[in-house]
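See structure below.
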Amino acid sequence: MAAKGSLKPHDARRIMQDDDPVLNQVAQRYAVGVTESVLDTIRHPGDPVALQYMPQAAELLTLPEESADPIGDAAHSPVPGIVHRYPDRVLFMPVNICAVYCRFCFRRENVGPGRKMLKPAETGAALDYIRVRPEISEVILSGGDPLMLGAERIEKLLKDIQSIPHVQTLRIHTRIPVADPPRMTDALCGALRTEKPLYILLHVNHAQELSPAVEAVLKQLRAAGCILLSQSVLLRGVNDNADALETLLRRLTTLGVKPYYIHHPDMAPGTSHFRLPLKEGIALMRSLRGKLSGLCLPAYMLDIPGGHGKVPADSAFVKENPDGTYMVTDFQGNTHLYS
Ligand SMILES: *Cc1c(COP(=O)(O)O)cnc(C)c1O
Ligand code: SF4
């Protein structure tokens, strides 16, 4: 397989030894990348931020139950750049590049530097797909990281999407405000001033990621009228304890960010070292209930492998079997075995 990302000594500084052959093997397989801002928040190798970005030998282990397409996007992609799983909303992925590359990424087989952006004709076809389907009321820009487009292109894209009368809500899934705050220039924040409500879903997993520079960007986004929500991934060694979660969720809420989802880790290849049993995640999230304001509490979500969508893990959608596996009911009422 061709190299997806080269390890720049600059990227590797403080988190790994540049010449480690095993880690370079990981970097041949999966994209590696961090920003100066992220490096500045790392206190020591193996801390909750370093673990999210530092390649590990464990990534070379792929389990049989892991999949290159863990949440089954491909089967629901009618045209390039669109994933249409739920009737009223679509994912729109304009780019496959990110500012950083997370070791646990559920789209790790599809993202990386030098990967592609939608061509103008493909963007046009994706917009046409939405335009002729009045049932689509929400468009979710995802990726990759859509803010990699930069101010001008994102402004144009948001304009084009907003011009479709039946699209009422816009959403952007991004890690850039947290992982690369200098990229959030006045021009880019200004481009996010929209007529129709724009929800920004920030990907953040630990309070240590929320530096003063990040706080300043969040203020700017609020001033631009964006509605701020967060999504996190529950990760072994990063945030899989009540204290870390409580600190993160309280901090986000005081910064004007409503925690929306915390995801159970997906079956992405080479990520088993990050996964914890569903039972443990459920117990952890239950321990926060009542202790924290409802404003602080995200829904704990399981994305059913195979493309059946997300369901709250701590709910009647997920029932434990006597043998420790789970019976999961999707939003259409079909059941699936999860182990
Ligand atoms: C996750 C996801 C959404 C958004 O789901 P919400 O529960 O509304 O946040 C939409 N479309 C696809 C294909 C998704 O995977
Ligand atoms: S920013 Fe998102 S899409 Fe990019 S590597 Fe991280 S988790 Fe994956």
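Here the structure is a predicted model, which is why all the values come from computation and not from measurement.
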**OP:** For the pair Arg108 (side chain) and Pro269 (backbone), establish whether a donor and an acceptor sit closer than 3.5 Å, ignoring hydrogens and angles.
**Re:** yes
Original post:
Can you tell if the side chain of Tyr261 reaches within under 4.5 Å of the side chain of Ser230, non-hydrogen atoms only?
Top reply: no
**OP:** Using a strict 4.0 Å threshold on nitrogen-to-oxygen distance, state whether Arg85 and Asp73 make a salt bridge.
**Re:** yes
**OP:** Kindly compute the distance separating OG (Ser232) from CD (Glu209), expressed to the nearest 0.5 Å.
**Re:** 8.0 Å
Original post:
How far does CG of Leu235 sit from SG of Cys102, to the nearest 0.5 angstrom?
Top reply: 9.0 Å
Original post:
Is there any salt bridge (charged side-chain N to carboxylate O under 4.0 Å, His left out) pair reaching into residues 328-339, and which pairs are they, with sequence neighbours excluded?
Top reply: none
Subject >> Reported CG-to-CG distance for the pair Asp266 and Asp69, which is rounded to 0.5 angstrom >> reply: 10.5 Å
**OP:** Drop me the distance from Cys226's SG to Ile172's CD1, to the nearest 0.5 angstrom.
**Re:** 7.5 Å
Original post:
Are Leu192 and Val257 grouped together when hydrophobic residues (ILVMFWY) are joined by side-chain heavy atoms under 4.5 angstrom apart?
Top reply: yes
**OP:** Output yes when a side-chain donor or acceptor of Thr194 lies under 3.5 Å from a complementary backbone atom of Pro197, and no otherwise.
**Re:** no
Original post:
Which pair of non-hydrogen atoms, one from His273 and one from Glu59, has the smallest distance, and what is that distance?
Top reply: CE1-CG, 3.7 Å
Subject >> Linked hydrophobic residues, Phe106 as query - side chain contacts closer than 4.5 Å >> reply: Ile71
Subject >> Nearest-0.5 Å distance that lies between atom NZ in Lys196 and atom OG in Ser137 >> reply: 10.5 Å
**OP:** Only counting residues at least two apart or in another chain, list the ones meeting ring-ring contact (aromatic ring centres under 6.0 Å, His included) with Phe274.
**Re:** Phe104
**OP:** Of all the heavy-atom pairs spanning Leu147 and Pro177, show the shortest one and how long it is.
**Re:** CD1-CD, 4.3 Å
Original post:
Does the pair Asp47/Arg43 count as a salt bridge with the N-to-O cut at 4.0 Å?
Top reply: no
Subject >> Whether His173 side chain and Leu202 backbone form a donor-acceptor pair below 3.5 Å >> reply: no
Subject >> Arg107 (side chain) donor-acceptor with Gly143 (main chain) under 3.5 angstrom >> reply: yes
Original post:
Is Ile304 isolated, or which residues cluster with it under the ILVMFWY side-chain rule of less than 4.5 Å, directly or via members?
Top reply: Leu234, Leu245, Leu249, Ile262, Met267, Leu276, Leu278, Ile282, Leu284, Met285, Leu288, Leu292, Leu297, Tyr300, Leu302, Val311, Phe317, Val318, Tyr326, Val328, Tyr338
Original post:
Of all heavy-atom pairs between Leu221 and Cys189, which one has the smallest distance, and what is that distance?
Top reply: CD2-SG, 4.0 Å
Original post:
For atom CD of Glu152, is the number of surrounding heavy atoms from other residues, nucleotides or ligands below 6.0 Å larger than 12?
Top reply: no
Original post:
Does Lys310 pair with Asp303 as a salt bridge, N-O distance under 4.0 Å?
Top reply: yes
Original post:
Do the side-chain N and O atoms of Thr35 and Asp180 include a donor-acceptor pair separated by under 3.5 angstrom?
Top reply: no
Subject >> Which atom of Ala126 lies closest to which atom of Pro80, heavy atoms considered >> reply: CB-O, 4.2 Å
Subject >> Single-linkage hydrophobic cluster Val167~Leu118, side-chain heavy atoms < 4.5 angstrom >> reply: yes
Subject >> Which atom of Gln56 lies closest to which atom of Leu51, heavy atoms considered >> reply: NE2-CD2, 3.4 Å
Subject >> Main-chain N/O of Thr174 paired to Asp145 side chain as donor or acceptor, under 3.5 Å >> reply: no
Subject >> Side-chain donor or acceptor of Asn334 paired with backbone N/O of Thr329 under 3.5 Å >> reply: no
Original post:
Is it true that Ile161 and Tyr129 fall in one hydrophobic cluster, defined by side-chain heavy atoms closer than 4.5 Å?
Top reply: yes
Subject >> Whether Glu215 side chain and Ser211 backbone form a donor-acceptor pair below 3.5 Å >> reply: no
**OP:** May I ask you to say whether Glu66 pairs ionically with Arg275, meaning some side-chain N is under 4.0 Å from a carboxylate O?
**Re:** yes
Original post:
Counting only N and O atoms by type, is there a donor-acceptor contact under 3.5 Å from the side chain of Gln162 to the main-chain atoms of Glu195?
Top reply: yes
**OP:** Only pairs at least two apart or in different chains count here, so list each salt bridge (charged side-chain N to carboxylate O under 4.0 Å, His left out) that has a residue in residues 155-172.
**Re:** Glu138-Arg171, Glu155-Lys159, Lys156-Asp160
Subject >> Test: Glu246 and Arg251 ion pair at under 4.0 Å >> reply: no
Original post:
How far apart are the closest heavy atoms of Pro259 and Thr253, and which atoms are they?
Top reply: CD-OG1, 3.7 Å
Original post:
Once you round to the nearest 0.5 Å, how far does OG1 of Thr169 lie from CD1 of Ile227?
Top reply: 8.5 Å
Which donor-acceptor pairs under 3.5 Å do side chains of residues 87-98 form with protein atoms, sequence neighbours excluded?
| unit_1 | atom_1 | unit_2 | atom_2 | d |
| --- | --- | --- | --- | --- |
| Asn96 | ND2 | Asn110 | O | 3.4 |

Original post:
Under 6.0 Å between the ring centres of Tyr86 and Phe331?
Top reply: yes
Original post:
Is a donor on one side and an acceptor on the other found under 3.5 Å between the side chain of His263 and the backbone of Pro265?
Top reply: no
Subject >> Check: His166 side chain, Ile130 main-chain N or O, donor-acceptor pair, under 3.5 Å >> reply: yes
